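I have placed the structure first, in the form of structure tokens, so that the comments after it can refer back to it.
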Amino acid sequence: MAKLKGWREIPIGGAIVEAGNAVEYKTGGWRAFRPVFGQAQCIHCFQCWLFCPDSSILVDAENEKMVGFDLEHCKGCGICASVCPVNAKVIRQAGEQLSRDDPRLCIRMIEEGKAK
Amino acid sequence: MSKYEALTGDQAVATAMRQINPDVVAAYPITPQTETVEFFAEYVANGEVTTDFICVESEHSAMSACVGASAAGARVMTATSSQGLALMWEIVYIAASYRCPIVMSLVNRALSGPINIHCDHSDVMGARDSGWIILFSENNQEAYDNVIQAVRIAEHPDVLLPVMVCQDGFITSHSMERVEVYDDADVKAFVGIYRPERSLLDVDSPMTYGALHFYDYYYESKRQQAEAMEHARRVIPEVTEEFNRKFNRNYGLFEAYRLDDADVAVVVANSTAGTAKIVVDSLRAQGLKVGLLKPRVFRPFPAKELAEALRHLKAIAVMDRSIAFGYLNGAGPLFIELTAALALHGVHVPIADYVFGLGGRDIKPSEIESVYRDMLRVAETGRVERLVTPLSVRE
Ligand code: SF4
Ligand code: SF4
């Protein structure tokens, strides 16, 4: 962890004066559920990329492909799984222990640590 | 050239606001502050100010709009009383913690309940730990002068804290007095132009206000706030000194009235200090060595200076216009703070508290005189018989 700053070193009023520094805050540690990417089913529609509130969908911009998740920042909210059109019906079974390569899945959420 | 005008306390504040011409005023009318907002609305309508006047739907919104505007780099003012301040509550704290130099005219009125519209100090005393600088005003002139100084104090780069300027509801807010109104240009020159170091509207250096601070940074932020209050101890006398010189006034952290050679003194804030001066004069005419200390700066609390000013006395009476419930037999907050200050600085003068004037109950010169007479007895015996006295409450 970065060294914490003293009270004289931080901007006054609790302000954040550098733009875009949220990347330094690793929110991945908050995650109780983890999205799992089923590459084979992905139609690369970028719905997940559009909706992810933490900019945690990794894309290959050149080839216009969704490639995975930035798990250092993904909070496991499940929004990607929810908006994924391929996955639409599967998200309702989020509690099930489905295997990582279940053919019905594009993205699904599985419990952290229980991912196979 | 300054000129003399007959103004109510509310109007005196509105006049200062007109001269200051803040960028944004967000306010909601509440008795007895209403006139200030009405007069100011008129100045806006007449084009006498260029202020963006935001008519909000509540005081909570008023203070929220003030914080937003201040964070955006505007010079911001507002005014309220009693329940209005109570409704602003959460944002009052936020204004101080975001270090927004907002200036508020607080026309002191009793907090409900029972519901009441008249003067006491329960509203401001509830806000004494909110992180705002707090100034008291005895009369309309002082309210006017304090508002002008408040802008400079609040916006000082070493301070950047909001300031509340208090005056007594109805007693001064609705009484017409002779007020020396300075030349518009002189007031404008004194307050200067506010140039915030940062602003939410500065698109070249984007920033965020209001981010979450956990146990890792919350305390550091509060530590800064405490430091800003300490800076205000230096800045307030500097601004006051400059104001005194420019406008030929004589303000300090407090006013010591015939105190230097006094044996006993009353400590009382706002309009009652004016009444007490009359009593002091009449008792002095009888050869009694009585004096008065009138606090002006209540936050930051000038503990050391007050202790030094009172050290030579033989008896002190504090007159509180509100109750700090549960502290000691219905004692008031001024008493609590002053006794702590005296103890801290090794001043061991017999002291008693008189709680008076709640909900606008009249305080007569004869009652203040009875307080002085009590204290003269205490000065003789060295013994306080009653630590806390509810003044003129029917048994
Ligand atoms: S689970 Fe939430 S945070 Fe994580 S990638 Fe999906 S949308 Fe983004
Ligand atoms: S929403 Fe689903 S299908 Fe669309 S890009 Fe994301 S993972 Fe692929």
Side-chain angles (χ1 to χ4, degrees), chain A residues 1-35 46-59 61 69-83 94 109 111-113, chain B residues 66-73 76 91-102 131-132 154-162 196-232 235:
Chain A
M1 197 158 95
K3 188 176 171 291
L4 293 173
K5 291 179 178 166
W7 67 269
R8 292 172 207 276
E9 299 169 300
I10 56 174
I12 68 158
I16 294 176
V17 294
E18 304 148 32
N21 67 359
V23 71
E24 288 170 29
Y25 193 11
K26 307 280 196 270
T27 46
W30 301 11
R31 205 172 50 241
F33 296 92
R34 167 199 295 229
F46 291 110
Q47 288 292 308
C48 54
W49 176 81
L50 200 60
F51 280 92
C52 172
D54 286 284
S55 307
S56 295
I57 305 292
L58 302 176
V59 296
F69 307 100
D70 165 8
L71 290 175
E72 283 197 330
H73 294 96
C74 161
K75 293 200 293 249
C77 64
I79 290 172
C80 53
S82 170
V83 299
M109 304 295 296
E111 275 174 85
E112 182 76 17
Chain B
C66 286
V67 167
S70 181
V76 183
I91 319 299
V92 164
Y93 276 71
I94 288 172
S97 71
Y98 288 8
R99 309 288 296 279
C100 295
I102 298 162
W132 285 56
E155 292 173 1
H156 193 288
D158 294 343
V159 177
L160 289 175
L161 286 173
E197 205 180 303
R198 298 188 315 243
S199 148
L200 273 182
L201 295 184
D202 180 358
V203 290
D204 294 326
S205 19
M207 59 173 296
T208 299
Y209 271 101
L212 187 68
H213 285 51
F214 275 141
Y215 34 75
D216 54 355
Y217 274 107
Y218 181 87
Y219 198 173
E220 277 66 28
S221 196
K222 290 288 156 190
R223 176 69 188 81
Q224 282 184 337
Q225 230 182 296
E227 188 73 3
M229 265 295 177
E230 292 311 303
H231 290 171
V235 170

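Nothing here was measured: the structure is a model prediction, and the numbers come from that model. Residue numbering restarts at 1 for every chain, and letters A, B, ... go by the order of the sequence lines.
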Is L160(B) close to chain A through its backbone or its side chain, or both, or neither, when contacts mean heavy atoms under 4.5 Å?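 Only the side chain of L160(B) comes within 4.5 Å of chain A.
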Heavy-atom distances under 4.5 Å only: say whether S97(B) touches chain A with side chain, backbone, both or neither.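 Interface part for S97(B): backbone (N, CA, C, O).
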Winner by heavy-atom pair count (cut-off under 4.5 Å) against chain A, out of M207(B), Q224(B), R99(B):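 Option with the greatest count: Q224(B).
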Any donor-acceptor N or O pair under 3.5 Å, side chains D202(B), S205(B):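 Per modelled atom types, D202(B) and S205(B) side chains form a pair under 3.5 Å.
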Within the 4.5 Å heavy-atom criterion, are C74(A) and I57(A) side-chain neighbours or not?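 They are not in contact (no side-chain heavy atoms under 4.5 Å apart), so the answer is no.
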Look only at the side chain of E9(A) and the backbone of G6(A), and say whether a donor-acceptor pair between them is shorter than 3.5 Å.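 Checking the backbone N and O of G6(A) against the side chain of E9(A), a donor-acceptor pair under 3.5 Å is found.
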Check Q225(B), E220(B), K222(B) against W7(A) for a side-chain contact (heavy atoms from CB on, under 4.5 Å) and give me the one that passes.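 When side-chain contact (heavy atoms from CB on, under 4.5 Å) is applied between W7(A) and each of Q225(B), E220(B), K222(B), only E220(B) qualifies.
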